[in-house]
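The structure appears below as structure tokens.
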Amino acid sequence: MKSWLKLLLKVSLTSAALYLVSLKISWQQIWQIVQTVHFGWMFGAFVLFNASKIVSALRLQYYWDAIGLRLSSTYNLKLYYTGMFYNLLLPGGIGGDGYKVWLLGKDQSISYKKLISATILDRISGLFPLQLLLCLLLIKMGFIDSWYLLLLVVGQIAFYLGGQTLVQFFFKDFTKVYHITNLLGMLVQILQVTCALFIVQALDIHSYYVEYVFLFLLSSIMAVLPITIAGIGAREVVGMLGSQYLPVDSEKMISLTLLFFAITTISSLTGIFLKTGFPIQTMKNNPLHNTVSIEQIISDK
């Protein structure tokens, strides 16, 4: 499918999703809710979100190390935020990964296959902690009977070990970092859930915290799927539909998703100002002399 056709499809789906949401909620009421948020709690949410991104960058650095790509922590963090900017700029949410692979692939000693594998595993490494948190929230809400707790524990162990087996067979280079990256993935999810709770407090919500966080996690999954532009509309549809089955206020739920998107956008825009033209070295000590910055990439286009 041609790129312009994909973009047209994403724009159409985004517009349709927002239109569907507008039929069920009042945008005027949402605006009134947003205007009354407590900025102290919002600032805390902003700090927690960026803390989760710093941990995410550290997790990705373990994947780079596994294929022999040695990046300084400072460079890696700048590269990560630059990728966040491209995820925001380019529809589909994979622009940042493509940018990182393109830039780091300039070192001929690291194959594109290994770079792509690293970014793919980084993307999916959050699945185990994410689904674990969702299961725990389902138990808390009473949707999973306590009698099935043992079965759930066995299922989680099987899920984790199954993932490890797949990595050992298909991504052998990353076997040694499987445990640490999953641990960091859990920390990322905990920080993001805490960020969501801070936004809930900012919205002056004092009940059904678990339900709001559950829908927040579901909306985050939908936002990652490359079906709308930057996840806009997908989050809101989940919030709207979820509010019909859970005791949450639909306007406040959508306000939560919009405020989280605002924090994501502001944080991602810092990538505009970061230059990633720093030298890189691999384990073979081969310096990269062909460095590049965001401005050069944009000018090349």
Worksheet item: For the residue pair Lys252 and Leu203, what are the closest heavy atoms and their distance?
Response: O-CD1, 3.6 Å

Discussion item. According to side chain to side chain contact (heavy atoms under 4.5 Å, CB included), who are the partners of Leu184, at least two apart in sequence or on a separate chain?
Written reply: Val55, Leu58, Arg59, Tyr62, Ile180

Please list, one pair per line, the donor and acceptor atoms closer than 3.5 Å that link side chains of residues 167-177 to other protein atoms, with sequence neighbours excluded.
residue: Thr175; atom: OG1; partner: Lys172; partner atom: O; Å: 3.1

Run the side-chain hydrogen bond (donor to acceptor under 3.5 Å, both in side chains) test against [X] and tell me which residues pass, sequence neighbours left out.
X	result
Tyr208	none
Ser52	Gln192
Ser267	Asn50
Gln156	Gln131

How would you list, by chain and number, every residue that makes a ring-ring contact (aromatic ring centres under 6.0 Å, His included) with [X], sequence neighbours excluded?
X	result
Phe214	none
Tyr209	none
Phe198	Trp41
His179	Tyr160

Report, one line per pair, each donor and acceptor closer than 3.5 Å where one atom sits in a side chain of residues 256-264; sequence neighbours left out.
residue: Thr257; atom: OG1; partner: Glu236; partner atom: OE2; Å: 3.1
residue: Thr257; atom: OG1; partner: Ile254; partner atom: O; Å: 2.7
residue: Thr264; atom: OG1; partner: Phe260; partner atom: O; Å: 2.9

Worksheet, complete the sentence: Joining Ile, Leu, Val, Met, Phe, Trp and Tyr whenever any side-chain heavy atoms lie under 4.5 Å apart, the cluster holding Tyr245 also takes in none

Worksheet item: How many angstroms lie between CG in Asp249 and CD1 in Ile30, if you round to the nearest 0.5 Å?
Response: 9.0 Å

Fill in: Separation between CD of Gln189 and CG of Leu191, rounded to the nearest 0.5 Å
9.5 Å

